Amino acid sequence: MTTAELPVLADGDFYYEVLGEGRFRSTIHAQGAWNVHEQHMAPASGIMADCLDRHEPRDDMRMARLSYEILGLIPGGEFEVVTTTLRPGRTIELVQAELVAEGRVAIRATAWRMITSDTTAVAAFEDPRIPAPEDCKPYDASSIWPGGYIASLEMRIAEGHRAGSGTVWLHTEHPLTDKKDSSDLARLIGLVDTANGIAARVPPGKGSYAFPNLDLQVHMYRRPEGQWLGLDNEVSFGTDGIGLTSTVLHDLQGPFGRAEQILTLRKS
C-alpha cells in the first residue's frame, strides 16, 4: 500500500476524535497489527461499547454480554457507529451497533442488557484470581507486534507465561476519545481483543502463521471497574485451520467475566 492510500488520521493522545452524530476519526494509537491502514479490533470494540453504553441508557440495567462479528478489514480514519434497539423489554433488551467505514459495515455488535437486582447474599465466582500488576514484570509486546495500538499499551506479564498460555495485565494512558468521558466498561472492553496476541502459539510474521480472529464474545457476571485489565489466557489451534483463544477477564477487584475469539489460521 502506498503512502497516498493511507487513511487520514486524527492527531491526538487518544484513540478517537469525536466528530458528532455518531461519527469518529481514529488516531495512530488505534492502528492495527496485521495491516498499517486498518484499525485494531480492540479500540474499535471499545468505541462501539461506548456507543452502546450511551444508547437509550437505563439505570436499572447493564450490559452483560457483548458479541462482535468482524465482517472484514476495519479501515483507519473516519467512520460512523450506528446504534439501534433490536428487542426492547422490561427486564432484558438487545441493542446493536454497526461500525460503518468506506461504505460498508466492518463490525456488527449486539449486546444483551439485563435488569439488575441485589444478589449480594449469593454472589460468588469460581475463576481463580491472578497476580496483581505490581507482582508482574514489565512486558514489551511491541517487540513482537507492530502497530500504533500495541505501542500505546503498558503491559505486565505474570510468571509462567509461555506460548499458548499466559497472564498479562494491560493499561493505557490514552482516553478512548478526545472527550475523555467514557465509562470504565467501555475503556476496558477496548482492551479485551488484545487477548489473541498475548500468548500466541506461534510468532507472527513471514514463514509462520497469521491467526486473526473473526469474532469477539464477552460475557460479564460483574460490571468491570478501574483502569487495568487482566487477561488469563489459553490458545488452542485445531488441525483444520481453525483455532480458539479463551480468556478469563479481570479488573483489580478480581475476575468479572470471560472472552472467546474464534481464529482463522493462515500460512504467512
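These numbers come from a predicted model, not from an experiment.
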How far apart are the C-alpha atoms of Ile92 and Arg87, what are their side-chain angles, what is the distance that settles it, and do they pass the side-chain contact (heavy atoms from CB on, under 4.5 Å) test? CA-CA 8 Å; Ile92 57 171; Arg87 193 273 193 197; 3.3 Å; yes
Determine yes or no for a side-chain-to-main-chain donor-acceptor pair under 3.5 angstrom, with [X] supplying the side chain and [Y] the backbone.
X      : Y      : value
Arg25  : Leu19  : no
Ser26  : Gly77  : yes
Asp118 : Thr120 : yes
His171 : Gln227 : yes
Ser208 : Gly205 : no
Trp145 : Gly197 : yes
His161 : Ile198 : yes
Trp169 : Glu134 : no
Asn233 : Thr247 : no
Asn196 : Phe211 : yes

Give the intermediate values and the outcome of side-chain contact (heavy atoms from CB on, under 4.5 Å) for residues Glu93 and His55. CA-CA 12 Å; Glu93 291 184 341; His55 175 70; over 6 Å; no
Decide yes or no for [X] and [Y]: does some side-chain heavy atom of the first lie under 4.5 Å from some side-chain heavy atom of the second?
X      : Y      : answer
Asp127 : Phe256 : no
Thr245 : Asn213 : no
Leu170 : Thr172 : no
Leu231 : Leu249 : yes
Ser182 : Arg54  : yes
Thr194 : Val168 : no
Phe14  : Lys179 : no
Ile107 : Ser45  : no

Any residue meeting salt bridge (Lys or Arg N to Asp or Glu O under 4.0 Å) with [X], in chain and number order, not counting sequence neighbours:
X      : value
Asp60  : Arg58
Glu80  : Arg23
Asp193 : none
Asp178 : none

Drop me the distance from [X]'s [atom1] to [Y]'s [atom2], to the nearest 0.5 angstrom.
X      : Y      : atom1 : atom2 : result
His40  : Gln31  : NE2   : CD    : 10.5 Å
Leu216 : Gln261 : CG    : CD    : 5.5 Å
Asp184 : Leu229 : CG    : CG    : 11.5 Å
Thr167 : His250 : OG1   : NE2   : 7.0 Å
Asp50  : Met48  : CG    : CE    : 11.5 Å

Nonpolar side-chain network containing Ile242, other nodes, edges under 4.5 Å: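 Its cluster partners, ordered by chain and number, are Leu214, Leu244, Ile262.
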Connecting only ILVMFWY residues whose side-chain heavy atoms lie within less than 4.5 Å of each other, what is the rest of Leu9's hydrophobic cluster? Ile28
Does any pair with a residue in residues 67-89 pass ring pair (Phe, Tyr, Trp, His ring centres under 6.0 Å), and if so which ones, sequence neighbours excluded?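 Non-adjacent pairs meeting ring pair (Phe, Tyr, Trp, His ring centres under 6.0 Å): Tyr16-Phe79, Phe24-Phe79.
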Minimum heavy-atom distance between [X] and [Y], given as atom pair plus value:
X      : Y      : answer
Ser143 : Asp140 : OG-O, 2.7 Å
Leu265 : Gly238 : CD1-O, 4.3 Å
Gln39  : Pro75  : NE2-O, 2.9 Å

Residues passing the side-chain contact (heavy atoms from CB on, under 4.5 Å) test with Phe125, sequence neighbours excluded, are Arg129, Tyr221, Pro255
Just to verify, what does Thr119 make a side-chain contact (heavy atoms from CB on, under 4.5 Å) with, not counting sequence neighbours? Ser117, Val122
Does atom [atom1] of [X] have more than 12 heavy-atom neighbours, drawn from other residues, nucleotides or ligands, at distances under 6.0 Å?
X      : atom1 : result
Met61  : CE    : yes
Tyr209 : OH    : no
Asp240 : CG    : yes

For residues 94-102, dump all side-chain donor-acceptor pairs below 3.5 Å to protein atoms at least two apart in sequence or in another chain.
unit_1	atom_1	unit_2	atom_2	d
Glu98	OE2	Arg108	NE	2.7
Glu98	OE2	Arg108	NH2	2.9

Dump the intermediate steps for side-chain hydrogen bond (donor to acceptor under 3.5 Å, both in side chains) on Ser67 and Gln217, then the final yes or no. CA-CA 5 Å; Ser67 179; Gln217 313 292 327; 2.5 Å; yes
Membership question, hydrophobic clusters at under 4.5 Å side-chain separation (ILVMFWY): are [Y] and [X] in the same one?
X      : Y      : value
Val235 : Ile130 : no
Leu86  : Trp112 : yes
Ile47  : Ile70  : yes
Leu191 : Met63  : yes
Met114 : Met220 : no

What pairs meet the salt bridge (Lys or Arg N to Asp or Glu O under 4.0 Å) rule with one or both residues in residues 207-224, with sequence neighbours excluded?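 Residue pairs passing salt bridge (Lys or Arg N to Asp or Glu O under 4.0 Å), neighbours aside: Asp53-Arg223, Arg222-Asp251.
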Looking only at side chains, do Arg201 and Ser236 share a donor and an acceptor under 3.5 Å apart? no
Modelled atom types, side-chain donor and acceptor of Glu260 and Ser246, under 3.5 Å: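 Distance-only check passes for Glu260 and Ser246.
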Any chance you could lay out the side-chain contact (heavy atoms from CB on, under 4.5 Å) test for His37 and Leu73, step after step, and finish with the verdict? CA-CA 9 Å; His37 52 286; Leu73 184 144; 3.6 Å; yes
One pair to check against side-chain contact (heavy atoms from CB on, under 4.5 Å): Glu126 and Val248. What are the steps and the verdict? CA-CA 11 Å; Glu126 296 295 332; Val248 180; over 6 Å; no
Side-chain donor/acceptor pairs under 3.5 Å, residues 152-159, sequence neighbours excluded:
unit_1	atom_1	unit_2	atom_2	d
Ser152	OG	Tyr15	OH	2.7
Ser152	OG	Tyr149	O	2.6
Arg156	NH1	Cys136	O	3.3

